[in-house]
Amino acid sequence: MRYSEMLLPTGRETPSDAEVISHQLMLRAGMIRKLSSGIYSYLPLGYRVIKKVEQIIREEMDRAGGQEVFLPAVQPAELWIESGRWQFYGKELLRLKDRHNREYCIGPTHEEVITDLIRNEIQTYRQLPINLYQIQTKFRDEIRPRFGIMRCREFGMKDAYSFDADDAGAELSYKKMFEAYSRIFSRCGLSFRPVEADSGSIGGSFSHEFLVTADSGEDGMVYCTSCDYAANLEKAEVARPEERHIDESEFLPLEEIYTPGVRTIEEVSAFLDVTTQDIVKTLIFSADDSTIAVLIRGNEEINEIKLKNYLGCDSLELATDDIVHEVTGAPKGFAGGIGIKSEIIADYSLINMRNFVMGANKKDYHIKNCNTGRDFKIRDFADLRIIGVTDTCPRCKSPIKFARGIEVGHVFKLGTKYSKAMKATFLDKDGKEKYMVMGCYGIGVGRTVAACIEQNNDEDGIIWPFSIAPYHVLITPVNIRNEELLSMAEKLYDNLGRRGIEVLLDDRDERAGVKFKDADLIGIPLRITMGPKKLAEGKVEVKFRKSGEVREIPFDEVEDFVVQAVEKRVMSNE
RNA sequence: CGGGGCGUAGCGCAGCCUGGUAGCGCGCUUGCUUUGGGAGCAAGAUGUCGCAGGUUCAAAUCCUGCCGCCCCGACCA
C-alpha cells in the first residue's frame, strides 16, 4: 500500500475524551473513530489489525477442531423466551420490533441460536462432539461504555460452542479450547494469564478468564507465587482457618458501651481505641424475598458473588434502611449478632475471634467482649470475603500476589442449562434420549487489539508485534522528490510485496521528521529508511521499532534480510 | 440511575463572569524557500458557537427545557 493513497489520518494531539493509552493511540494512529458512545468505526489501519487477530483465531480454532459458521445478529424473541433469558437479561439486551410488531433482539451472545440450530440438526451421539464458532458483531447495551474499544456496546467477538454426549467429553472440549486460547493469545504477542473465574448465574461447572496483564485492566486477579493457582478477585478462594481450641475461661463478660453517632468500622475503631480486626461488621442483605445478616471481621470486605453463590439466590442487595430497622430495632450503623431478628451466617474470619466488638442493635450503643456460641448462634461459617494481601494461596499456602488484567477471553463449561431449557437432545448408545452437554468460549477481538497496545507502546506510539502488525515493513524514502531515491524505494516495495511481505511505502511528499513521527506512532515493526547519503554508499537503514536497533544493509541484500527477519519473527511471536 | 464536568473550525483550546455579531495553536489550500526526527515566510479557506424556546434594540455570552459526550459511583457479562 502506498501511504499517499491510504486513509490514515494520524493526529498529533491526544483527543481529550480518551482516558487509556490504547484508546488515545488508536485514535491518534488513525485506526478508529467514534460514531456514538461505545460504537466505533474501524479505519483501514485498524481493520487490518482486527483481521490479523481474526485470522489467528480462525487458524487455532480450526486446528482445535472448530468449524466456522455465521449466525444471525438479529434474533427472534421466542428463542430468548424459551431459554428464559428474555426476562432475565435485562437492559443490556437491545430489543427491537419489526414492521409486524414482532419482537427481536440484537444478539449479545448466541447460545439460543446455536442451540436451536443444533437441536434440529443433531439426533445421535454419532454426530457428537461438535464445536462451532463464528466471528460476529455483538451488541450489549452497556450501562457505561468506556476506555474506547475496551468496553464497547458494539464489538466484534469470536464465540464458539461445543456440544458433547457426556460430561467427560465436555471437559475434553473445554480443555481443547483452553489450549487453543493459550496459543491464540501467545501468537498475538500478549502476556496473559488464565485465571479461575466465577461461573455465576450460568450455573455450576467451571470457567476461566484469560486476562492480559495491564494496570489499566478492569479485572483484579490473584496468583500464587509457588503453585499455578490463579483466580480473579470475585472467585479467589480463602481457605478456612484452623480452629483453635476454645477455652471458655478466656471469655470476658459482655459490656454495653454508649457510642453516640459512631457507626462505621473506622469510627468505632477510633472511638473505642481498638483495631478494625477486633470489630465484627454486620451487614444486612435482602436475598430474593428473605433477609439475612452476614458477619465479617471489620478489616475485611464482603465478596457479594461468593455470598450470592452460597445463598443460591437470584437477587442480592444490601437491605434498605427500613428493613435494617425492622430486623435490628435500630438505625443503620448499630447492627450486631446479638438479638437480631434474622438468620446469621459468618465469614471464616470470625472463626477464631474472641471478645470482639459488635453493634448492639440499639441506637448509639455497641457491645464489647462478644463471643460466638456463648452470646449468639451462627447458622453457618463460609468463605464470603474478598481475598486480601495477608491471605495465602488456598491450594498450597504460599504467598500470593495481586495484579490487574483485561479480560480478552472467557471459556465456560455450560453443562445442560441451555440444552434442557431448549430441549437439545440426542439418542445415546444405550438408546436413551439425553441432553447435550455444552460449553461456550468467547474472545473479544477489538479488546484483544486494545490489550496488545496497552502492553506494547512507548512515548512515541504503538509497538506492534509482527504477528498482528497492520504491515510488517514501512519503507521511508526520506525525500520523494529525489527521483532515484523514490524509484529505488518503489522497486524494493514491489519486490518485497511479491515475496509476501506486507509493505507500506511512505511516498508522501513530507519532511523526513513527519514521516518518522508517523512511523513510530503507527508502530510498524520494521522501518527501512532510504536517504541519499547512505544510498550513495549503496546502503539503507533497517530499524526495529521495538528494540530501536538500527542495521545498515547494502541495498541489494536488504530484500533477503527483511524477508528472513519477518519470517523468523512472525514464527516466534515477537 | 445518582454525583461531577464538557459541548465554539478537522484536532486541542480561549472568549461567557461584565451581552455589541467569533479568536488562538495545530491541521487544510496556494506560492516561494527549506529538506534525516512533527520547517520558515507570505497569502488564503473553513463555524447553523449542540438543539429549541425565552429575555433584550442586540445572545456564543443571561434564563428555561432538551440532546449528546466524558469522568466517578452503583449495575451487569
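Here the structure is a predicted model, which means the values were calculated and not measured. Labels below follow one simple rule: chain letters A, B, ... track the order of the sequence lines, proteins then strands, and each chain is numbered from 1.
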Participant: For A:Arg511, answer base if it contacts any base atom (sugar-phosphate contacts may also be present), sugar-phosphate if it contacts only those atoms, and nothing otherwise; contact means non-hydrogen atoms under 4.0 Å.
Facilitator: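 Result for A:Arg511 = base.
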
Participant: Is a side-chain donor-acceptor pair under 3.5 Å present for A:Glu317 with A:Ser286?
Facilitator: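 Judged by distance alone, the side chains do not pair up.
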
Participant: Could you state the atom-to-atom distance from CD of A:Glu407 to P of B:A77 in whole Å?
Facilitator: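 Atom-to-atom, A:Glu407 to B:A77, this comes out as 12 Å.
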
Participant: Under the side chain to side chain donor-acceptor pair (under 3.5 Å) rule, collect the residues that match up with A:Asp219, sequence neighbours excluded.
Facilitator: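 Residues passing side chain to side chain donor-acceptor pair (under 3.5 Å) with A:Asp219: none at all.
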
Participant: Between the base of B:G38 and the side chain of A:Glu510, is one N or O donor paired with an acceptor at under 3.5 angstrom?
Facilitator: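 Such a pair does not exist between side chain and base.
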
Participant: Would you jot down, in residue-number order, the residues of residues 210-222 of chain A having a non-hydrogen atom under 4.0 Å from RNA chain B?
Facilitator: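 Heavy-atom contacts with RNA chain B come from A:Asp219.
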
Participant: Does A:Arg146 have any side-chain contact (heavy atoms from CB on, under 4.5 Å) partners at least two apart in sequence or in another chain, and if so, which?
Facilitator: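 Testing A:Arg146 for side-chain contact (heavy atoms from CB on, under 4.5 Å), a comparison that skips the adjacent residues, returns A:Arg144, A:Arg151, A:Glu218.
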
Participant: From the list B:C69, B:A77, B:C71, which nucleotide is the closest neighbour of the side chain of A:Glu19?
Facilitator: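 So the side chain of A:Glu19 is nearest to B:C71.
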
Participant: Under a 3.5 Å cut-off for both distances, is B:U48 Watson-Crick or wobble paired, and to whom?
Facilitator: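 Matched B:U48 with nothing under the 3.5 Å cut-off.
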
Participant: Take the protein atom NE2 of A:His23 and the nucleotide atom C1' of B:C71, then report the distance between them rounded to whole Å.
Facilitator: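 Interatomic distance, NE2 of A:His23 to C1' of B:C71: 13 Å.
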
Participant: Decide yes or no for A:Val558 and A:Val542: does some side-chain heavy atom of the first lie under 4.5 Å from some side-chain heavy atom of the second?
Facilitator: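 Sidechains of A:Val542 and A:Val558: in contact.
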
Participant: Need one value for A:Lys91: base, sugar-phosphate or nothing, where a base atom within 4.0 Å counts as base even if backbone is also close, heavy atoms only.
Facilitator: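 The residue A:Lys91 makes no contact with any strand.
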
Participant: If I pick the P atom on B:G23 and the same atom on B:C49, what distance separates them, to the nearest angstrom?
Facilitator: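 Nearest-Å result for B:C49 against B:G23 at atom P: 14 Å.
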
Participant: Would you tabulate the nitrogen or oxygen pairs shorter than 3.5 Å linking the protein to nucleotides 73-76 of chain B?
Facilitator:
residue : atom : partner : partner atom : Å
B:C76   : O2'  : A:Glu92 : OE2          : 3.0

Participant: Of all of residues 471-488 of chain A, which get a heavy atom below 4.0 angstrom from RNA chain B, listed by number?
Facilitator: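 When residues 471-488 of chain A is checked for heavy atoms under 4.0 Å from RNA chain B, the hits, listed by number, are A:Val478, A:Arg481.
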
Participant: Roughly how many Å is it from CZ in A:Arg28 to P in B:G38, rounded to a whole number?
Facilitator: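 One finds 14 Å between P of B:G38 and CZ of A:Arg28, rounded.
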
Participant: Is there a side-chain contact between A:Lys138 and the phosphate of B:A77, meaning an N or O under 4.0 Å from OP1 or OP2?
Facilitator: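 Negative; the distance criterion is not met.
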
Participant: For A:Gln24 and B:C71, give me the distance from atom CD to atom P, rounded to whole Å.
Facilitator: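 Rounded to whole Å, this separation is 11 Å.
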
Participant: Taking the basic N atoms (NZ, or NE/NH1/NH2) and the acidic carboxylate oxygens, is any pair closer than 4.0 Å for A:Glu111 and A:Arg85?
Facilitator: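 Counted as a salt bridge, because a side-chain N and a carboxylate O are separated by less than 4.0 Å.
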
Participant: Under the salt bridge (Lys or Arg N to Asp or Glu O under 4.0 Å) definition, can you give me all pairs with a residue in residues 472-491 of chain A, not counting sequence neighbours?
Facilitator: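 Of all non-adjacent pairs touching residues 472-491 of chain A, those that pass salt bridge (Lys or Arg N to Asp or Glu O under 4.0 Å) are A:Arg2-A:Glu490, A:Arg481-A:Asp509.
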
Participant: Quick one: do A:Asp198 and A:Lys308 make a salt bridge, cutoff under 4.0 Å?
Facilitator: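 So A:Asp198 does not pair with A:Lys308 through a salt bridge.
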
Participant: Does any donor atom in the side chain of A:Asp506 or A:Thr476 lie under 3.5 Å from an acceptor atom in the other side chain?
Facilitator: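 There is no such pair between these side chains.
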
Participant: Considering residues at least two apart in sequence or located in another chain, which fulfil the side-chain contact (heavy atoms from CB on, under 4.5 Å) criterion with A:Asn303?
Facilitator: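 Partners of A:Asn303 under the side-chain contact (heavy atoms from CB on, under 4.5 Å) test: A:Ile305, A:Lys306, A:Ile386.
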
Participant: Report the residue from A:Glu179, A:His208, A:Lys413 that forms a side-chain hydrogen bond (donor to acceptor under 3.5 Å, both in side chains) with A:Tyr174.
Facilitator: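 One option only clears the test, and that one is A:His208.
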
Participant: Does A:Tyr47 have any ring pair (Phe, Tyr, Trp, His ring centres under 6.0 Å) partners at least two apart in sequence or in another chain, and if so, which?
Facilitator: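 If we apply the ring pair (Phe, Tyr, Trp, His ring centres under 6.0 Å) test to A:Tyr47, skipping adjacent residues, there are no hits.
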
Participant: Would you kindly give the CG-to-C1' distance between A:Leu521 and B:C26, to the nearest whole Å?
Facilitator: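 From A:Leu521 CG to B:C26 C1': 15 Å.
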
Participant: Taking distance alone, no hydrogens or angles, what donor-acceptor pairs closer than 3.5 Å link side-chain atoms of residues 131-141 of chain A to residues at least two apart or in another chain?
Facilitator:
residue  : atom : partner  : partner atom : Å
A:Tyr133 : OH   : A:Asp62  : OD1          : 2.8
A:Gln134 : OE1  : A:Leu71  : N            : 2.9
A:Gln134 : NE2  : A:His110 : ND1          : 3.3
A:Gln134 : NE2  : A:Asp159 : OD1          : 3.4
A:Gln134 : NE2  : A:Asp159 : OD2          : 3.2
A:Gln136 : NE2  : A:Leu71  : O            : 2.4
A:Lys138 : NZ   : A:His110 : ND1          : 2.9
A:Lys138 : NZ   : A:Asp159 : OD1          : 2.9
A:Lys138 : NZ   : A:Asp159 : OD2          : 2.9
A:Arg140 : NE   : A:Pro108 : O            : 3.0
A:Arg140 : NH2  : A:Pro108 : O            : 3.0
A:Asp141 : OD1  : A:Arg153 : NH1          : 3.0

Participant: Between atom CD in A:Glu541 and atom C1' in B:G37, what is the gap in whole Å?
Facilitator: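 After rounding, the reported distance stands at 12 Å.
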
Participant: Just how far, in rounded Å, is C1' of B:U35 from CG of A:Leu535?
Facilitator: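 These atoms are roughly 16 Å apart.
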
Participant: Base, sugar-phosphate alone, or nothing: which one does A:Thr109 contact when heavy atoms must sit under 4.0 Å apart?
Facilitator: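 Nothing, no nucleic acid heavy atom in range.
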
Participant: Please encode protein proximity along nucleotides 6-16 of chain B as a string of B, S and -, counting only heavy-atom distances under 4.0 Å.
Facilitator: -----BSS---

Participant: With heavy-atom distances below 4.5 Å as the criterion, would you say the side chains of A:Lys34 and A:Leu27 are in contact?
Facilitator: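 Side-chain contact under 4.5 Å: no.
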
Participant: Could I get the full list of ring pair (Phe, Tyr, Trp, His ring centres under 6.0 Å) partners for A:Tyr229, not counting sequence neighbours?
Facilitator: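 So A:Tyr229 forms no ring pair (Phe, Tyr, Trp, His ring centres under 6.0 Å) with any residue.
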
Participant: Starting at atom CZ of A:Arg12, determine the distance to atom C1' of B:G27, rounded to an integer number of angstrom.
Facilitator: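 Computing the A:Arg12:CZ to B:G27:C1' distance gives 9 Å.
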
Participant: Which residues pass the side chain to side chain donor-acceptor pair (under 3.5 Å) test with A:Ser191, sequence neighbours left out?
Facilitator: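 Testing A:Ser191 for side chain to side chain donor-acceptor pair (under 3.5 Å), a comparison that skips the adjacent residues, returns A:Thr213.
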
Participant: When the C1' atoms of B:A59 and B:G27 are considered, how many whole Å apart are they?
Facilitator: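 Approximately 31 Å lies between the C1' atom of B:A59 and that of B:G27.
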
Participant: Between A:Ser36 and B:C69, does any side-chain N or O lie under 4.0 Å from OP1 or OP2?
Facilitator: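 For B:C69, OP1/OP2 do have a side-chain N/O of A:Ser36 under 4.0 Å.
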
Participant: Does A:Lys543 contact B:G37 through a side-chain donor or acceptor facing the base, at a distance under 3.5 Å?
Facilitator: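 By the distance-only test, yes, there is a pair.
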
